[in-house]
Amino acid sequence: MRMSQLLLPTEREAPADAQALSHILGVRAGLVRQLGAGLWTWLPAGLRVHQKIEAIIREEMNAIGGQELLMPLIQPRDLWKKTGRDQIDEIFSLSDRKGAELVLAMTHEEAVTFHVSQLVRSYRDLPLILYQLQLKGRDEPRPRAGVLRTREFIMKDSYSFDRDEAGLEASYAKHIEAYDRIFERSGLEWYRVESDVGVMGGSGAHEYMAPCPAGENEVALAPGYAANVEVASAEPSAATLGDRLGEPAEVSTPGAKTIEQVSAALELDPTALLKAFPVVTDSDKTVLAVVRGDHRVNEFKLRTALGEGFRPATDEEISDQIGPPGFIGPVSITIPVLLDDAVVGQEGGWVTGANSRDLHLVGVEPGRDFEFEAADIRSVEDGDVVDGAPIRLEAAIEVGNIFKLGTRYSEPLGATFLDQDGMKQDIVMGSYGIGPARIAAAAIEQNADEKGIAWPKSIAPWQIELVALGKAGSPELEAAEKLYGELVALGGDVLFDDRDAGPGEKFTDAELLGCPLRITLGKRSLESGALEVQARRGLAELDPIALDESSAAVILETLAQLP
RNA sequence: CGGGGCGUGGCGCAGCCUGGUAGCGCACCUGCUUUGGGAGCAGGGGGUCGGAGGUUCGAAUCCUCUCGCCCCGACCA
């Protein structure tokens with residue numbers, strides 16, 4: 001591609017409203033432009049990146065026997081009523097000129113299951129893996145960070161259809177294979193982590209996470225361990241408890257409502273305190289969740305432990321059913337107590353609220369002083385231990401997920417088959433997503449430096465940028481033209497900066513756009529007989545390449561050597 | 001949905017407090033010079049000041065409403 005003819009609007013300055021690095025650099029390098037909140041246009045260079053990612057995905061999906069198809073973005077609302085998902089807030093709704101109700105698909109479980117229910121009749125038709133790369137529409141409450149969370153985006157979504165759970169396990173394993181390869185080939189740092197299956201149930205799920213500062217998720221990492229913080233479990237750091245007493249003793253703690261205030265007032269470590277978190281469940285039960293003072297309640301785990309959704313209790317409900325807010329605790333109350341595992345079985349006395357104003361209790365011991373049910377309901381923290389190794393928490397972008405659906409969709413949509421005994425069975429499904437745009441954004445975030453982007457070779461908009469110095473008609477520009485032609489003839493993926501611009505501008509743009517290999521041909525090259533070669537990663541100067549009839553081949557070899 | 005911020009030429013901003021008919025840098029166009037790290041000189045084009053209403057002799061500026069965008073939080077199949 002000749003840069004003189006390319007729409008590549010690079011910017012010196014970052015857009016005023018951009019925060020995330022991938023947002024800033026995506027716009028500055030001329031890859032994407034915004035049309036509205038969460039609505040982005042992929043400009044030619046950015047689209048090349050997207051398409052290279054798509055190509056990797058297609059190859060790996062085909063390799064596990066996936067078959068590509070394409071389903072509509074616009075769908076009849078009735079279809080979504082059958083699964084109840086027409087009530088989701090993120091659904092974009094529209095109607096046609098006749099008043100028929102339509103939605104924009106936020107994923108395609110309904111559509112693909114609809115077709116499979118008609119097309120699959122026999123166990124002989126299974127298993128099946130179908131996939132597509134298609135737009136999704138989601139009315140996100142808060143689009144953010146450029147291309148990271150948008151209201152319209154292309155997703156690779158695949159769906160597996162199996163005869164039974166064992167079949168699903170096999171299809172799931174195939175997707176793990178394909179996904180591992182896709183993210184590896186994309187050049188990302190990535191983790192496959194256990195994830196929350198959510199209220200939809202399902203028998204298992206993993207997420208693929210790419211660590212980077214702009215990420216919206218957090219992963220807990222230790223050698224051999226990776227999990228979304230939503231589900232991560234680990235051994236807590238040690239607690240420093242107060243003295244054991246024969247029975248709880250009241251202490252005066254005037255005005256001390258927070259963990260900090262109470263631990264300061266009593267001169268005790270925050271780990272000696274119990275934090276009480278009253279919640280009201282969807283079925284209107286009040287439960288007191290209790291974690292260690294320095295720990296935080298994990299709402300995902302708590303939801304799992306409760307077996308239903310919940311909301312924090314209001315101050316009024318707390319006063320009515322437990323005690324004055326700020327001074328509540330699990331001793332001598334009538335509502336059930338859900339105690340975090342980290343609190344159970346420790347030697348020593350805990351501090352809790354006394355359920356009276358300005359009073360706390362010391363020397364409290366679970367089991368002796370209050371009844372409880374134990375569960376893992378806290379969020380892991382930096383320094384917690386897994387298999388003897390401390391974990392660290394890192395921000396990450398979710399670039400993919402895989403989910404064992406079971407019969408969540410096949411049942412309401414009537415996707416059944418006849419087994420060998422002629423018995424009608426529900427098809428067992430899985431669904432699997434990848435966001436190519438997020439892979440691009442994560443690649444930018446993970447590999448950028450102060451000069452710009454440093455793309456992984458596999459998804460760079462071009463693998464080579466040939467910078468020609470010298471004005472039109474100069475011998476060096478003519479030599480560059482010749483070299484460009486030779487590179488293209490050998491199948492090189494080359495961006496040729498043939499613009500009528502100064503060297504500074506060309507080098508700056510090249511470093512901003514971040515093609516892995518930069519070849520410079522100027523007057524000096526003609527004098528010395530050598531091309532200058534720079535690897536974008538680390539801005540490393542490589543050995544010069546002789547300027548002769550073998551140059552193009554040597555350049556491609558050099559590129560192949562790059563990691 | 002709660003909180004905060006911002007809308008002035010393609011981009012980044014000043015002007016607003018204290019009303020007087022819009023300015024700066026970059027980019028763009030023409031010409032000449034320049035060509036190894038975002039060039040120089042000269043000339044030039046481009047703005048309903050997000051929108052509507054109001055106050056006023058006069059509104060980018062003051063008032064009311066409204067739309068859009070960003071950030072934090074909530075939410076996130």
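The figures that follow rest on heavy atoms only: side chains count, while hydrogens, waters and symmetry mates do not. Each chain gets a letter, A, B and so on, in the order its sequence line appears, and its residues count up from 1.
- One finds a salt bridge joining D78(A) and K81(A) here, because a Lys/Arg side-chain nitrogen approaches an Asp/Glu carboxylate oxygen to under 4.0 Å.
- The side chain of T107(A) sits closest to rA77(B) out of rG38(B), rU35(B), rA77(B).
- Electrostatic pairing of R144(A) and E216(A) counts as a salt bridge here, judged by a charged N lying under 4.0 Å from a carboxylate O.
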Between N or O atoms, less than 3.5 Å apart, protein on one side and nucleotides 6-12 of chain B on the other: list the pairs.
| residue | atom | partner | partner atom | Å |
| --- | --- | --- | --- | --- |
| rG12(B) | OP1 | A16(A) | N | 3.2 |
| rG12(B) | O2' | E13(A) | OE2 | 2.9 |

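- Below the 3.5 angstrom threshold, one finds no donor paired with an acceptor across the side chain of R142(A) and the base of rC76(B).
- The CZ atom of R138(A) sits 13 Å away from the P atom of rC76(B) (whole-angstrom rounding).
- Between the side chains of H175(A) and S158(A), at least one donor-acceptor pair of N or O atoms lies under 3.5 Å.
- In this structure, rC11(B) forms a base pair with rG25(B), meeting either the Watson-Crick or the G-U wobble geometry with both donor-acceptor distances under 3.5 Å.
- Looking at heavy-atom distances under 4.0 Å, D509(A) makes contact with a base.
- Shown here, rG46(B) forms no base pair; nothing in the strands shown gives a Watson-Crick or G-U wobble contact with both key distances under 3.5 Å.
- Under 4.0 angstrom from either OP1 or OP2 of rC70(B) there lies at least one side-chain N or O belonging to Q34(A).
- More than 12 heavy atoms of other residues, nucleotides or ligands lie within 6.0 Å of CZ in R2(A), so this atom counts as buried by the packing criterion.
- Using the Watson-Crick or G-U wobble rule with both distances under 3.5 Å, rG20(B) pairs with rC57(B).
- Looking at heavy-atom distances under 4.0 Å, A145(A) makes contact with sugar-phosphate atoms alone, never a base.
- Pairing partner, rG31(B): rC41(B), with both Watson-Crick or wobble hydrogen-bond distances short of 3.5 Å.
- Between the side chains of Y409(A) and R85(A), at least one donor N or O lies within less than 3.5 Å of an accepting N or O.
- Using a 4.0 Å heavy-atom cutoff across all strands shown, E527(A) reaches no nucleic acid atom at all.
- Here the C1' atom of nucleotide rA74(B) and the CD atom of E216(A) are 13 Å apart, to the nearest Å.
- For the pair E505(A) CD and rC26(B) P, the computed distance is 13 Å after rounding to whole Å.
- E486(A) and K482(A) are joined by a salt bridge, as a carboxylate oxygen and a charged side-chain nitrogen come within less than 4.0 angstrom of each other.
- Judged by distance alone, the side chains of H108(A) and Q134(A) never bring a donor and an acceptor atom under 3.5 Å apart.
- Comparing the same atom, P, in rC76(B) and in rG4(B) gives a spacing of 24 Å after rounding to whole Å.
- Side-chain contact annotation: Y179(A) with K156(A), donor-acceptor N/O pair under 3.5 Å present.
- The separation of rG2(B) from rG38(B), taken at their C1' atoms, amounts to 44 Å, rounded to a whole angstrom.
- Using modelled atom types and a 3.5 Å distance limit, the side chains of T107(A) and D157(A) yield no donor-acceptor pair.
- Spacing between rC24(B) and rC41(B) at atom P, rounded to whole Å, works out to 16 Å.
- Per the geometry, CG belonging to D500(A) stands 11 Å off P belonging to rC28(B), to the nearest Å.
- Judged by Watson-Crick or G-U wobble contacts below 3.5 Å, the nucleotide rA74(B) has no partner.
- L512(A) places its CG atom 19 Å from the P atom of rG37(B), with the value rounded to the nearest Å.
- Listed nucleotides rG37(B), rC69(B), rC76(B) differ in distance to R149(A); the shortest reach to its side chain belongs to rC76(B).
- As judged by a 4.0 angstrom heavy-atom cut-off over every strand, T10(A) is placed among residues making no nucleic acid contact.
- Under 3.5 Å, the side chain of R12(A) and the base of rA27(B) form no donor-acceptor pair of N or O atoms.
- The side chain of R144(A) approaches rC71(B) more closely than any other nucleotide in the set rC69(B), rC71(B), rG37(B).
- Rounded to whole Å, the distance from CG on D497(A) to C1' on rU35(B) is 13 Å.
- Nucleotide rC6(B) forms a Watson-Crick or G-U wobble pair with rG68(B), both donor-acceptor distances falling under 3.5 Å.
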